[in-house]
Amino acid sequence: MDGGKAVEEDIGNRMHELARELFPIARSLTGEGVRETLGILQRELPGLTIKEVPSGTACFDWTVPPEWNVKDAYILGPDGRKLADFRQNNLHLVGYSAPIRQTIGLEALQAHLHSLPEQPDAIPYVTSYYQKNWGFCLSQKQRDALEEGEYEVVIDSTLDDDGSLTYGELVIPSTMGADREIFVSTYVCHPSMANNELSGPVVSTALARWLQSLDERRYTYRFIFIPETIGSILYLSLHLEHLKAHVTAGFNISCVGDERVYSYLPTRRGTTLSDRIARHALGHLAPDYVRHSFLERGSDERQYNAPGVDLPVVSVMRSKYGTYPEYHTSMDNLEFITPAGLYGSYNVLRHCFKGLECNSIYKAAVLCEPQLGKRGLYPSARKKGDPKPREMLDLLAYADGKTDLLEIADTTGHPIWVLAEAAGKLRAADLLEEISGP
Amino acid sequence: MDGGKAVEEDIGNRMHELARELFPIARSLTGEGVRETLGILQRELPGLTIKEVPSGTACFDWTVPPEWNVKDAYILGPDGRKLADFRQNNLHLVGYSAPIRQTIGLEALQAHLHSLPEQPDAIPYVTSYYQKNWGFCLSQKQRDALEEGEYEVVIDSTLDDDGSLTYGELVIPSTMGADREIFVSTYVCHPSMANNELSGPVVSTALARWLQSLDERRYTYRFIFIPETIGSILYLSLHLEHLKAHVTAGFNISCVGDERVYSYLPTRRGTTLSDRIARHALGHLAPDYVRHSFLERGSDERQYNAPGVDLPVVSVMRSKYGTYPEYHTSMDNLEFITPAGLYGSYNVLRHCFKGLECNSIYKAAVLCEPQLGKRGLYPSARKKGDPKPREMLDLLAYADGKTDLLEIADTTGHPIWVLAEAAGKLRAADLLEEISGP
Amino acid sequence: MDGGKAVEEDIGNRMHELARELFPIARSLTGEGVRETLGILQRELPGLTIKEVPSGTACFDWTVPPEWNVKDAYILGPDGRKLADFRQNNLHLVGYSAPIRQTIGLEALQAHLHSLPEQPDAIPYVTSYYQKNWGFCLSQKQRDALEEGEYEVVIDSTLDDDGSLTYGELVIPSTMGADREIFVSTYVCHPSMANNELSGPVVSTALARWLQSLDERRYTYRFIFIPETIGSILYLSLHLEHLKAHVTAGFNISCVGDERVYSYLPTRRGTTLSDRIARHALGHLAPDYVRHSFLERGSDERQYNAPGVDLPVVSVMRSKYGTYPEYHTSMDNLEFITPAGLYGSYNVLRHCFKGLECNSIYKAAVLCEPQLGKRGLYPSARKKGDPKPREMLDLLAYADGKTDLLEIADTTGHPIWVLAEAAGKLRAADLLEEISGP
């Protein structure tokens, strides 16, 4: 096994271990589970700051909800056995269930139960954030086994209007003092599910660690770890002007842990720099990726691409939310995501960042093709079939001082990170000028 | 049978009855048949005005021809039997045949006869508007049965230089005082043929009646009932400046009565609002419609799209002129057009008008997605697979204050008339602003 | 055989004869072979001027090399027999081989030999223009038969720093005093090979003769006969400003002699007038032509399309360099090119020139369709299926005073040279105005 492969495995394993550590924590839009999760991420990413925003804070059309915490939740059956025990699997409790302690008959209970007839072994994930309610989720098999009788429903939860919503933010500054930003957004609001969603914060953490390790960064990188929907809306309500002024490209990171496919969801118009680099990196690293339409949006790209917000945020994913059977059930577990699956996503996104970092505009420094041979950049005796230094020749042929390297890469079929190396050689030989940086 | 179906049949039957009433009348570019036809249409459309333009009037490169009327026309055979009797079928006489009463031999007669060897039972439709001539049309079978001998040719027609060309015009004003117009043009110059052309004036009449019944019309609608070519050229020569200043979209209505296919012929460039709404309506209501090229033009869209005229006029048709075997023969009869065929065209064109009427530009009134749930517009408990109000969400996601509803409809795949309903709900909830009307 | 066919054969044969005459001459970047070749072309094209540029002249990143001439070159084998005799086939000597007279063993010799194992009967074409070296080329069969022993290597060549590079130029002026130019570039640097490259200068000569025979030329035509790469770079370094100011379209003529396929290589962006006319002419005359990408460039279009040069130069070819097995070997001989192959290329390029000459912008002189019938341009009695004068009608329908004839031709599907005839008839009838010439 070569070094590269070993490094890959190392990074992949580390991500999977972090996911394993975070998995059991009971997360939701708000509450201690989110705080605990961000605390662990802060250990991995020392610069991460944790913010608290009071419940009741208005953000555009929304209001930060009360803070929700659960001490215990279960159903006691007629035979005295515990069912749907939150402490066994936090998916058993409908998210944001109000407190209750009550004895009711089976029929009344059924109105508060959720299960999936087509996936009889899976516990579904259900929430009721903005309509006060309570409920339990269980497998269809468990539900089918319920007998007539009296059930004691116990939900020892709090919905605290004086609580807060918690999110994390990490800014990795440009080493060149540049104020243009690459924006990365991921969720910390899902309870015990793996692809959707622990893969997002886990891969984001690895990306941030890699960025922090670089000697040079042209861009500033801003990572946010937020609850879905309310978190992005809240963050936008607080920082929209800053983001509109500084964000050059952005990525919503969700569902990046399994090995089935790669997939991509564009911005509203599909023509931003984020779209271009995502398609470029996927096209070279995972050419059979699935290209979704913005009509299939469903994650926080909905907010970032809303009219008037208009941030260039795309999603690069593995199996997209809503498209795989394990989605939003207890089957989306630590076996569904793998070190190799996490590494693949990490690697595609890392190449997106690399591509953005090297996307300069170049101009050929001499008219006509230069004599590469006299500089040792071209074979001297030419005969039929001899290979040519295609990347250098193609770069010189298209470097018109107006076209960015990414467009040249897409036109010529070379990966931008390979063209960037050719650009380095040509600049060293005074054959190419950088007209403007990325 | 539901009410909708009954209404459809009622409208379809009424159109077919009108076609049956108009069918026997001997129409041509000019003459009493045109006047009689317009008189009947005026009965259906009280606001229709009938115009007379003197023969000899110059219009661009053309001149209004003499008025042509026919009292009688036939051939008397050697056996004394009448042949090719105009009173039996007005297709027997070549249009604009000059008067004649003469006895000639079969060979001399043959030079003035027209028939279709490949359709031996059909009488062809032949005209000689601008070159003085005479002739008779008959089936190939009739022609083959002609025996040697002397034939008496009788054409009791008049070509009156002091006559006039007659056309009809109906203006249905906007209920909002708007001066922008939807323009509709159809023919009244074809003798006894049904698809090409009684279907055009008959469907146009039904559309005008529907428009008149509406409480609200954003646009003014202008219908003209004219002879083909000379009629549109004459009308343009009289009203070009007005039309260029006011027409927003236009439709040439011809060949709209049979049930075989739907078809569409674009404007010269194919990118006008008329093209967009025609393709949209057909795409939703008759998705397997035939999309012709402007190179296949052959009706009055030739004049409306001529350079310097440049009116946005498309044709929405069923079986296009020139493409079906019955075209320009006695086989294009009242059996070839059907109530359902007429209704289908009426319905597509009606949806074109509806789409134009609701093609506003909207802007989301809040930043980010609004909280539809608190307004009862979104299911409160969300679980895997729950349906979402896609039309509302898609409209909000694309309502940027610049894109018209038709473009949003084409991007999102929803019919514009469905999006318009969603827009109504969102406006009622103060979530959407109308930036400008259609 | 009709006159047209006889003329074709005559022109084709004449080109093939010229190729036969030029074939044995030992050409390279510089030297007497180039002068002799240009002398013969001058006999065919009296206006051709022959230019000499001193060795050592700087041109952009390059320097004109020393002049290379060869009196004799061969290898004497151990048995005293001559091998790889330059006088028998000038491909035997590596281009720009330095002088040498030396006796060496077989192993030392092998390092200077070139052959093609996959084409054992072919002598390869090898050069070493810019790195001083020597070598011989021979068939793999000859090479395999070499026995151990001493070989006397004899290269009686000169590399003269006081020599010059020779090229030819022919300007055929516009008969209307226009200063806009069509630019044609072809090579005279290949030794005894036929498709790549004697076909280029031979077809260029026939085109120039045809242009000289015309009574009227809207454009000035500039032909250059140069060595590849250094020749085009040198010419550009001397004349770039003139060319950028005057060249409207340009053609690099190479590999135009065989009968296998037609092919086309675009400009860098692929959207110039040269691209449009080349695709148009090939589309009508050789619709199954191969459309290459600019990424497959390899001839002087590399220089003409370099950033900052940006001349609209395309290549119209038969079997493209690098794509056929005979390429750059002794198998690319006079049997590989044919009179019919040469004529086909000549004819396509001639139609490119014809198309450029007639590419005016027209405007319909009357509003709406004119009454063609009264001018004898339209059949008077119209019946079903009668043919229409499509070219005239289509031209009138698109002649908006803004669209050039080539775009109208591409939109309507008519060849531009056929539309130009229709334009002539319409102008004669005062129905069309020429708004601007080509």
**Request:** For residues I230(A) and Q371(B), determine if any side-chain heavy atom of one lies less than 4.5 Å from a side-chain heavy atom of the other.
**Result:** no
**Request:** Keeping the roles fixed (side chain from E369(B), backbone from Q303(A)), state whether a donor-acceptor pair exists under 3.5 Å.
**Result:** no
**Request:** Determine whether K374(B) and Y130(A) make a side-chain contact, defined as any pair of heavy atoms from C-beta on separated by less than 4.5 Å.
**Result:** no
**Prompt:** Minimum heavy-atom separation for C368(B) to I233(A), with atom names?
**Reply:** CB-CG1, 3.8 Å
**More than 12 heavy atoms of other groups within 6.0 Å of E118(A) CD** = yes
**Message:** Tell me whether K244(A) at atom NZ has more than 12 heavy atoms from other residues, nucleotides or ligands lying less than 6.0 Å away.
**Reply:** yes
**Asked** Where is the tightest heavy-atom contact between A397(B) and F294(A), given as atom of each residue plus distance?
**Response** CB-CE2, 4.3 Å
**Message:** Rounded to the nearest 0.5 Å, what separates atom CG in N305(A) from atom OH in Y398(B)?
**Reply:** 9.0 Å
**R302(A) side chain reached by L396(B) side chain, heavy atoms, under 4.5 Å** = no
**Asked** Heavy atoms under 4.5 Å from chain A: which residues of residues 400-412 of chain B carry them?
**Response** D400(B), T403(B), E407(B), T411(B), T412(B)
**Message:** Under the side chain to side chain contact (heavy atoms under 4.5 Å, CB included) test against L367(B), which residue among D61(A), L240(A), L236(A) passes?
**Reply:** L240(A)
